[in-house]
Q: 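Got a structure for you, written out below as structure tokens; questions coming shortly.
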Amino acid sequence: MKNTISGSITSCSFVGKEDNRPVIVPQEEVIVSPSGVNVGDYTTNVAFQLARRVGLAPQKVAETICKNVIDLPDSIEKVEFAKTGHINFTISARSLQDQIAIILEQGSEYSRQEVGAGKKIHLEFVSANPTGPLNVVSARAAAIGDALARLLGRIGYEVTKEYYVNDHGRQVRLLGESLLARLKQARGEKAEMPEGGYQGEYLSEMAAEIAAAAGEDSPQALSAAAVKKFISLHRESLDGYGVSFDNWFYESKLHADGLPQQAMDELTEKGHTYQKDGAVWFKSTDFGDAQDWVFRRSDAEGSLTYHPIDVAYHRHKYQRGYDRMIDLWGPDHHAHVAVTKAGVAALGYQLDKLDIIIVQQVNLIRGGQKVKMSKRAGEFETMDDLVREVGRDAARYFFLMRSMDAPMDFDLDLAVAKSEKNPVYYVQYAHTRVCSILREAKEREDGFYLRDNAAPDLRLLVEAAELALIRKLNYYPQTVRSSAENLEPHRLPVYLAELATVFHKFYAVCRVLDSENIELSRARLALARATKTILADGLGLLGVSAPERM
RNA sequence: GCCCCCUUGGCUCAGCGGAUAGAGCGCCUGGCUACGGACCAGGAGAUCGGAGGUUCGAAUCCUCCAGGGGGUACCA
């Protein structure tokens, strides 16, 4: 609908001053939604842009444009200019009413758009190390990544969700050594944790089980068994959270194919590395980074650090032919964004295809106090703990409510509260209410559904509350699109909360089931069902359930 | 030191260069003989961290400053 109006504006012309030279309105993004004042459904600022070019006041320009608008689509009831210079468009009631039939017919396809045109997006998220349970930041990233994947899919992208598994290298070896130490300690033998080893209590708890699976007590066998175990635990946690991945990519595969070494050699050949202190450094400062990084250690084997491996991994993504790659990383990887991009650029790949986004920290708040999460055993909250405590719906909704680039306070008390204070219930309750009405309609003798086969007369929906509700429904596709395109899934919960509000207002004012007025009841039932469709679809995109009863 | 993120009512946050900056919580008033009161109506409460700049127009873009957070390993 937005496009239709845009089309009508771009095709109208403005006659300039003395020379009568027609000035065509620029075909830029000129339509914006009105904010604040209730002036119409769409507004445009073209008059401001043209004012200077033609040497007239914006209001005069707006007035002239309004008077010369031609080919106004039927969907627009009126075009007005404001004294500020804005030109406002109001969608006709008729066109709004028709939206209901469209929503009911299209269902979740109502928000389907083809702006992605089948382009392939690679979305990597969570990618936690298989050395411990998933934490709350992983839970945040999982909620966001999963919602983004659905949103991008909805607007026509082909999305691949990938989980990168660090199953190779130093931290894996360390994990095996830590386990061995724990095992020995459990047997009463004297054993020291290796330097920088994994202290977490979960390791002691799992040591015996892992040892049994490993079959032998070598660090190698133990770490392999532990990695396997943690990967399956991660998978379980994510399953319980409703998040699945299309692909689990193992770092060991990169090594098996010799890709990190190859990337390293190539960077050296191209002159992007240098020797210092016995190590090989990559000149990432040449590509805008704040510092250079060691890529090959000075140890006896000349082993590679994490960075060239990650560069190789990203090159592998490029080679797989994605049009765009999006990584969601935790705040602890902050400094690595620049070096990874630098490495990719040094190998000659286009950086504009790659977005590395940092999902910021999560502070758990209980009783108004920050929950302390030290690295010491048992003192950090895992993703499973969180989900167990607040439930999957509240966890996902809370994470998705907030913009991902700001650290967030997660109020545990609010998330568990089964009350009006809890934002996720507010939205779900709207859905439940519709379901309740629909149940009632079925049970009643009035035959709201079965009176006849004719479609309900949507022209009966003329109340302000009814039209306001349809207006909000009509706005849904744009919300989906902007959430997806801007990689800002939090816009959707904001919208859903607004939709719930408009519905609750409608509910307060407009009785849906009225035996005295069957035709109106049927029309309002259609509106209620359309609302249910959008609420359920929106919640579904967020991975949050839309309950029939609460 | 350097890099990144954040700063909007008492609190937690929306806000897409445009009109009178919006929600929720908390606080104060009201509202169920009806399809679920986990709801609705109304009120108080904001010099959008500060100073410059760009612009017809800035919470939004740019620069500087301040405060908060994170990072700055030959760990990942």
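Letters A, B, ... mirror the listed sequences (proteins, then strands); counts begin at 1.
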Q: Taking atom types as they are modelled, is there a donor-acceptor pair under 3.5 Å from the base of B:A19 to the side chain of A:Asn88?
A: yes
Q: Give the rounded distance in Å between these two atoms: CD of A:Gln428 and C1' of B:C39.
A: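 Going from A:Gln428 (CD) to B:C39 (C1'), I get 16 Å.
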Q: Just how far, in rounded Å, is P of B:A38 from CG of A:Asp393?
A: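 These atoms are roughly 19 Å apart.
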Q: Please give the distance between the C1' atoms of B:C48 and B:C6 as a whole number of Å.
A: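 Nearest-Å result for B:C48 against B:C6 at atom C1': 14 Å.
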Q: Is any side-chain N or O of A:Arg433 closer than 4.0 Å to OP1 or OP2 of B:G37?
A: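 For A:Arg433, the contact criterion (side-chain N or O under 4.0 Å from OP1 or OP2 of B:G37) is met.
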Q: Would you tell me if any nitrogen or oxygen in the side chain of A:Lys505 comes within less than 4.0 Å of OP1 or OP2 on B:C39?
A: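 It does not, given that no N or O in the side chain of A:Lys505 lies less than 4.0 Å from OP1 or OP2 of B:C39.
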Q: Write down the distance separating the P atoms in B:C64 and B:C56, rounded off to the nearest Å.
A: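 It works out to 24 Å between them.
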Q: Choose from B:C56, B:C5, B:A38 the nucleotide whose nearest atom is closest to any side-chain atom of A:Phe48.
A: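 The nucleotide sitting nearest to the side chain is B:C56.
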Q: Provide the Watson-Crick or G-U wobble partner of B:G49, both distances under 3.5 Å; none if there is no partner.
A: B:C65
Q: Which of these nucleotides, B:C35, B:A76, B:A19, is closest to any side-chain atom of A:Arg444?
A: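 Looking only at heavy atoms from C-beta outward on A:Arg444, the closest nucleotide is B:C35.
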Q: Could you go through the side-chain contact (heavy atoms from CB on, under 4.5 Å) check for A:Ser515 and A:Arg444 one step at a time?
A: CA-CA 9 Å; A:Ser515 305; A:Arg444 288 234 201 147; 3.5 Å; yes
Q: In sequence, state the C-alpha distance, the side-chain angles, and the governing distance for A:Glu162 and A:Lys317, and then conclude on salt bridge (Lys or Arg N to Asp or Glu O under 4.0 Å).
A: CA-CA 10 Å; A:Glu162 187 159 290; A:Lys317 290 184 191 176; 5.6 Å; no
Q: Step by step, work out the side-chain hydrogen bond (donor to acceptor under 3.5 Å, both in side chains) result for A:Thr268 and A:Asp265.
A: CA-CA 5 Å; A:Thr268 302; A:Asp265 292 346; 5.6 Å; no
Q: Is the shortest side-chain N/O distance from A:Tyr507 to OP1 or OP2 of B:G37 below 4.0 Å?
A: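 Yes, such a contact exists.
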Q: What is the distance, to the nearest angstrom, from the CG atom on A:Leu328 to the C1' atom on B:C5?
A: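 For the pair A:Leu328 CG and B:C5 C1', the rounded distance is 16 Å.
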Q: Taking the P atom in each of B:C40 and B:A23, what is the distance between them to the nearest angstrom?
A: 12 Å
Q: Are the ring of A:His86 and the six-membered base ring of B:A19 within the stacking cut-offs of under 5.5 Å and under 30°?
A: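 Stacking is present between B:A19 and A:His86, given that their ring centres fall under 5.5 Å apart and the planes under 30°.
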Q: In whole angstrom, give me the gap between the C1' atoms of B:G69 and B:C27.
A: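 30 Å, rounded to whole Å.
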Q: Just how far, in rounded Å, is P of B:U12 from OH of A:Tyr397?
A: 19 Å
Q: If I take atom CE in residue A:Met401 and atom C1' in nucleotide B:G15, what distance separates them, rounded to the nearest angstrom?
A: 16 Å
Q: Return the value, rounded to whole Å, for the distance between atom OH of A:Tyr163 and atom C1' of B:A76.
A: 13 Å
Q: Taking the same atom, C1', in B:G45 and in B:C25, what whole-Å distance lies between them?
A: 14 Å
Q: Taking the nucleotide of RNA chain B with the closest heavy atom to each, which residue, A:Ala508 or A:Lys276, is nearer the 5' end?
A: A:Ala508
Q: How about A:Tyr313 and A:Thr340: does a side-chain donor come under 3.5 Å of a side-chain acceptor?
A: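 Their side chains do not contain a donor-acceptor pair, so the 3.5 Å distance test is not met.
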Q: Anything under 30° is parallel, anything over 60° is perpendicular, the rest tilted; go ahead and classify A:Phe503 against A:Tyr507.
A: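 Correct class here is tilted.
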Q: How about A:His168 and A:Tyr250: are their ring centroids closer than 6.0 Å?
A: no
Q: A:Phe399 vs A:Phe410, test: ring pair (Phe, Tyr, Trp, His ring centres under 6.0 Å). Steps then yes/no.
A: CA-CA 8 Å; A:Phe399 285 131; A:Phe410 192 111; 5.1 Å; yes
Q: Whole angstrom is fine here: how far is it from CZ in A:Arg524 over to C1' in B:A34?
A: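 After rounding, the reported distance stands at 13 Å.
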Q: With a 3.5 angstrom cut-off on both distances, give the Watson-Crick or G-U wobble partner of B:G57, or none if there isn't one.
A: none
Q: Report the base-pairing partner of B:U72 (Watson-Crick or G-U wobble, both distances below 3.5 angstrom), or none.
A: B:G1
Q: Classify the nucleic acid contact of A:Cys510 as base, sugar-phosphate or nothing, counting any heavy atom under 4.0 Å across all strands shown.
A: base
Q: Counting Watson-Crick and G-U wobble pairs only, both distances under 3.5 Å, name the nucleotide matched with B:A23, or none.
A: B:U12
Q: If you assign A:Arg170 and A:Tyr429 each to the RNA chain B nucleotide with the nearest heavy atom, which residue ends up on the more 5' nucleotide?
A: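 Going by which nucleotide is closer to the 5' end, it is A:Tyr429.
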Q: Regarding B:A14, can its base be found pairing with the side chain of A:Ser403 as donor and acceptor, where the two atoms are less than 3.5 Å apart?
A: no
Q: Checking all strands, does A:Arg549 fall into the base, sugar-phosphate, or nothing category for heavy-atom contacts under 4.0 angstrom?
A: base
Q: What orientation do A:Tyr306 and A:His336 show, parallel under 30°, tilted 30 to 60°, or perpendicular over 60°?
A: tilted
Q: Anything under 30° is parallel, anything over 60° is perpendicular, the rest tilted; go ahead and classify A:Phe295 against A:Phe282.
A: tilted
Q: What protein N or O atoms touch nucleotides 65-73 of chain B N or O atoms at under 3.5 angstrom, if any, and at what distances?
A:
unit_1, atom_1, unit_2, atom_2, d
B:U72, O2', A:Gln291, NE2, 2.7

Q: Nearest 0.5 Å please: distance from the CG atom of A:Leu175 over to the CD atom of A:Glu177.
A: 9.5 Å
Q: If I pick the P atom on B:U12 and the same atom on B:G49, what distance separates them, to the nearest angstrom?
A: 14 Å
Q: Which listed nucleotide (B:C74, B:G15, B:A19) is nearest to the side chain of A:Thr84?
A: B:A19
Q: Between B:C13, B:C2, B:C35, which nucleotide gets closest to the side-chain atoms of A:Ala290?
A: B:C2
Q: Taking the side chain of A:Ile437 as its heavy atoms from C-beta onward, which of B:C40, B:C16, B:C35 lies nearest to it?
A: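 Given the options B:C40, B:C16, B:C35, the side chain of A:Ile437 is closest to B:C35.
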Q: Think A:Tyr426 has a side-chain N or O under 4.0 angstrom from the OP1 or OP2 of B:G37?
A: no
Q: Below 30° counts as parallel, above 60° as perpendicular, anything between as tilted: where do the rings of A:His272 and A:Phe287 land?
A: perpendicular
Q: For A:Leu496 and B:A23, give me the distance from atom CG to atom C1', rounded to whole Å.
A: 14 Å
Q: Considering only atom P, compute the distance from B:U8 to B:C16 and round it to an integer number of Å.
A: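 Each nucleotide's P atom is 16 Å from the other's.
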Q: Is a donor-acceptor pair below 3.5 Å formed from side chain A:Ser298 to base B:C74, judging by atom type as modelled?
A: yes
Q: Heavy atoms under 4.0 Å, any strand shown: does A:Asp411 hit a base, just sugar-phosphate, or nothing?
A: nothing
Q: Between B:C16, B:A76, B:C35, which one does the side chain of A:Arg491 approach most closely?
A: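 When the side chain of A:Arg491 is considered, B:C16 is the closest of B:C16, B:A76, B:C35.
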Q: When you compare B:U7 with B:U60, how far apart are their P atoms, in angstrom units rounded to a whole number?
A: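 To the nearest whole Å, 11 Å.
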